[in-house]
Amino acid sequence: MIVAGIESSCDETAVSFVKDGRNVLSSLVSSQISVHQPFGGVIPEIAAREHLKSVSYLWEQAMKQSGLCESDIDLIAVTRGPGLAGALLVGVSFARGLSISLDRPLIGVDHVHAHIHGALLGLPPDTDIAELFPAIALVVSGGHTNLYWMEDPVRFRLLASTLDDACGECLDKVARMMDLGYPGGPVIEKMAEKGQRGRVSVPTMLPGKEYMAFSYSGLKTHMARLWEKNQGFQGQDLNDLILAFQDEAFGQIRRKTDLALEQLQKEDKYPRSVLVAGGVAANQSFRNIMSGFGNGVRTWFPALNYCSDNAAMIAALGCYEYQELQRSGKSLPDDADWDIYPRYLYS
Ligand code: KG4
Ligand code: ZN
């Protein structure tokens, strides 16, 4: 089954063609980072206008790269949410136009869930995906820090999310406050590599075992207070501080994942894998912290090009969800029932 994926939820326009939910034939991403950089964050209306400029061009280029023609496409998958409303509408309107003109079904998928499929793309073609489940899955991105229990590739039981800021959001906000650059994650990674441990300490967030939820606003505020008091942090001292900050930002995710494993065991649930996805999964220290759970549990990360927003993950999830609908005899929503959603649906 050939699925066309379209993504436009935030500041990346992306188009991809994926065969059978696994084999990426082409995947193109047009990033708007340079457009939003002067503002230190994404400006929604500018994002929507930029999507409008790039989406058809990307479609044509991705089609050329894949060697397909339009009649080869079996299904169109598009991000329905969460994301910026105006930005989502550009991708969804484009996808609906294609669906009508090519006379192919259209499926809307959840962007956050799709990130997890980023971790499944790029596995050796002979990997049996079913063997990786049940799994614990984590999406650690600019907008979400979500932890799931997954019995199979299309069932997402949300176990925990953030009470306030997302992990990537916290990295971005702290970097912005300290004038380090945008987006913050990659800059912080570079500086932390030069830091030394044990020279600065930051408080541990939600250390108790009673909370599985994440929280980042306390850590952000701690960094803001330190920065207000001593803007003179520089050179090695600054790198040491950034390392301590990054360690806590990522350490919290490891602690909560360990806690989730403990709690699931009480329900007699034993995952075979931990799937880690989202933009922050590009960070090597984060990958180290999130490896080594023991008991034969293996951690899987996306290839670097599938950590941040892309359309291959949208096509992949669309493919699995469509096949599941067909298996269960359910139908796709009517045109009149189609809508986008700016916020994650906590269900
Ligand atoms: O998944 P993503 O591309 O977009 C969302 O759906 O939010 O994630 C973007 C986030 C940003 O917060 C960015 O700072 C973070 O991913 N990020 C990183 C790295 N690369 C991107 N964080 C830490 N280390 C990186 N190398
Ligand atoms: Zn994303």
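Excluded from the calculations below are hydrogen atoms, water molecules and symmetry mates; all remaining heavy atoms, backbone and side chain alike, are included. As the structure lists them, so they are numbered: ligands from 1, and atoms in each ligand from 1. Computed from a predicted structure; not experimentally measured.
- Under 4.0 angstrom from ligand 1, the non-hydrogen atoms of V280 come from both its backbone and its side chain.
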Stepwise, does the salt bridge (charged side-chain N to carboxylate O under 4.0 Å, His left out) test hold for R49 with E45?
CA-CA 6 Å; R49 289 168 176 228; E45 185 171 328; 2.9 Å; yes
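- The distance from the CG atom of L259 to the CE atom of M212 is 5.0 Å, given to the nearest 0.5 Å.
- Ranking the protein heavy atoms by distance from atom 26 (N) of ligand 1 puts E189 OE1, 2.8 Å first.
- The heavy-atom pair separating L219 from C170 by the smallest distance is CD2-SG, 4.4 Å.
- What sits closest to atom 11 (C) of ligand 1 on the protein, heavy atoms only, is D172 OD2, 3.4 Å.
- Closest protein heavy atom to atom 9 (C) of ligand 1: G142 N, 3.6 Å.
- H144 does not count as a contact of ligand 1, since none of its heavy atoms falls under 4.0 Å from the ligand.
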Show your reasoning for whether salt bridge (charged side-chain N to carboxylate O under 4.0 Å, His left out) applies to K220 and D165.
CA-CA 9 Å; K220 178 187 68 185; D165 288 350; 2.8 Å; yes
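- The closest approach between a heavy atom of C10 and any atom of ligand 1 is not below 4.0 Å.
- Summary: NE2 is the N/O/S atom of H111 found nearest to the Zn ion (ligand 2).
- At least one side-chain heavy atom of L147 sits under 4.5 Å from a side-chain heavy atom of F214.
- Between H113 and Y344, the ring centre distance stays below 6.0 Å.
- Only the side chain of L171 comes within contact range of ligand 1, with a heavy atom under 4.0 Å; no backbone atom does.
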